[in-house]
Amino acid sequence: MDDQFYMMLAIKEAKQAEKMGEVPVGAVIVDKNNKVIGQGYNAPISTSDPTCHAEIAAIRMAAHSQKNYRLTGTTLYVTIEPCIMCMGAIIHSRIKRVVFGAADPKWGAACSLYQMADDHRLNHSPEIVAGICEEQTSNLMKHFFKNKRSR
């Protein structure tokens, strides 16, 4: 599986969020045959829905496309480390791998602030791969917030 290729698709999704004035986070879910089955970007402001994170949007699309709430054997690519809410959805949906770009020391629940994937009290532990296209994903966030502060 080409992690960089799929992360670039997630970055395209993040740029969609940025165009809408949303925090630029994008996500893509790929099945075991390397087919994209879900994608999404942050849209909590435009949808007035605090759960409308990129990962949740991608999980909803993937589950709908598979007609199954279990997404076993899939990989989620997301530009920024998932938060607690998103890691909860990832664990519930049984996503096999989570590949992210930049760490999120303030909200990250995969390995930065919390290590939910390592908590064996939970019934599923996805594999975590960090730092794919890290510079690009980190720069997306830095530029977004720099531009927001300068307005």
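H53 contributes no side-chain N or O that, together with a main-chain N or O of C86, makes up a donor-acceptor pair within less than 3.5 Å. Of the possible polar contacts, one joining the Q115 side chain to the C111 backbone as a donor-acceptor pair under 3.5 Å is found. E81 places a side-chain N or O within 3.5 Å of a backbone atom of A110 that can act as its donor or acceptor partner. With hydrogens and angles ignored, the 3.5 Å screen pairs no side-chain donor or acceptor of T75 with any backbone N or O of V30. Distance alone, capped at 3.5 Å, is enough to place a donor-acceptor pair between the T137 side chain and the E134 backbone. Between the side chain of H143 and the backbone N or O of N139 there is at least one donor-acceptor pair closer than 3.5 Å. For Y6 (side chain) and N34 (main-chain N/O), a donor-acceptor pair under 3.5 Å exists by modelled atom type. Counting only distance, with no hydrogens or angles, the side chain of N33 and the backbone of K35 share no donor-acceptor pair below 3.5 Å. Not one N or O on the side chain of T74 forms a donor-acceptor pair closer than 3.5 Å with the backbone of I29. Looking only at distances, a side-chain donor or acceptor of S65 sits under 3.5 Å from a matching main-chain atom of I37.
Within the 4.5 Å cutoff, no side-chain heavy atoms of P44 are placed close to those of D49. Using a 4.5 Å heavy-atom threshold, the side chains of R97 and L76 count as separate. Side chains of I59 and L71 form a contact here, defined as non-hydrogen atoms less than 4.5 Å apart. Here the side chains of Q136 and L140 are not in contact, with every heavy-atom distance at 4.5 Å or above. Residues L113 and K106 are not in side-chain contact: their nearest non-hydrogen atoms beyond the backbone lie 4.5 Å or more apart. Proximity of Y69 to S93: side-chain heavy atoms (C-beta onward) are nowhere separated by under 4.5 Å. Two residues are said to be in side-chain contact when any heavy atoms from C-beta on lie closer than 4.5 Å; L9 and M7 fail this criterion. I128 places a side-chain heavy atom less than 4.5 Å from the side chain of M87.
Nearest heavy-atom pair, E127 versus V129, reported as atom, atom and distance to 0.1 Å: OE2-CG2, 3.6 Å. The nearest pair of heavy atoms linking F145 to V23 is CZ-CG2, 3.9 Å. Taking every heavy atom of both residues into account, H120 and S125 meet most closely at ND1-OG, 3.5 Å. Across every non-hydrogen atom of I45 and G21, the tightest pair is CD1-O, 4.2 Å. The two residues G40 and A58 come nearest to each other via the heavy atoms N-CB, 4.0 Å. Closest heavy-atom contact between M20 and S46: CE-OG, 3.2 Å.
Between M141 atom CE and E18 atom CD the span is 10.0 Å, to the nearest 0.5 Å. Summarising the geometry, atom OG1 belonging to T72 is positioned 9.0 Å from atom NE2 belonging to H124; distances are rounded to the nearest 0.5 Å. Within the model, atoms OH of Y77 and CE of M8 stand 13.5 Å from one another, a figure rounded to the nearest 0.5 Å. Atom NZ in K142 sits 8.0 Å away from atom CD in E135 (nearest 0.5 Å). Between the CZ atom of R149 and the NZ atom of K146 there is a distance of 9.0 Å, given to the nearest 0.5 Å. Separating the OG1 atom in T79 from the CZ atom in F100 is a distance of 11.0 Å, to the nearest 0.5 Å.
Cluster membership check: I91 shares its hydrophobic cluster with V78, using side-chain heavy-atom separations under 4.5 Å among Ile, Leu, Val, Met, Phe, Trp and Tyr. Residue V28 is not grouped with residue I90 when hydrophobic side chains (ILVMFWY) are merged at heavy-atom distances under 4.5 angstrom, including chains of intermediate members. Residues I95 and M61 do not share a hydrophobic cluster, defined by chaining ILVMFWY side chains whose heavy atoms lie under 4.5 Å apart. Following chains of ILVMFWY side-chain contacts shorter than 4.5 Å, one cannot reach I56 starting from W107, and the two form parts of different hydrophobic clusters. Y41 and I80 fall into different hydrophobic clusters, defined by Ile, Leu, Val, Met, Phe, Trp and Tyr side-chain heavy atoms under 4.5 Å apart, directly or through other members.
Residue H92 places its NE2 atom among 12 or fewer non-hydrogen atoms of other residues, nucleotides or ligands, all under 6.0 Å distant. Atom CZ of F144 has more than 12 neighbouring heavy atoms from other residues, nucleotides or ligands inside a 6.0 Å radius.
For D31 and K96, the salt-bridge test fails: no basic side-chain N is under 4.0 Å from an acidic carboxylate O.
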Open item on the list: Working note: T47 + C52, criterion side chain to side chain contact (heavy atoms under 4.5 Å, CB included); need CA distance, chi angles, decisive distance, verdict.
Closed with: CA-CA 7 Å; T47 61; C52 200; 3.5 Å; yes
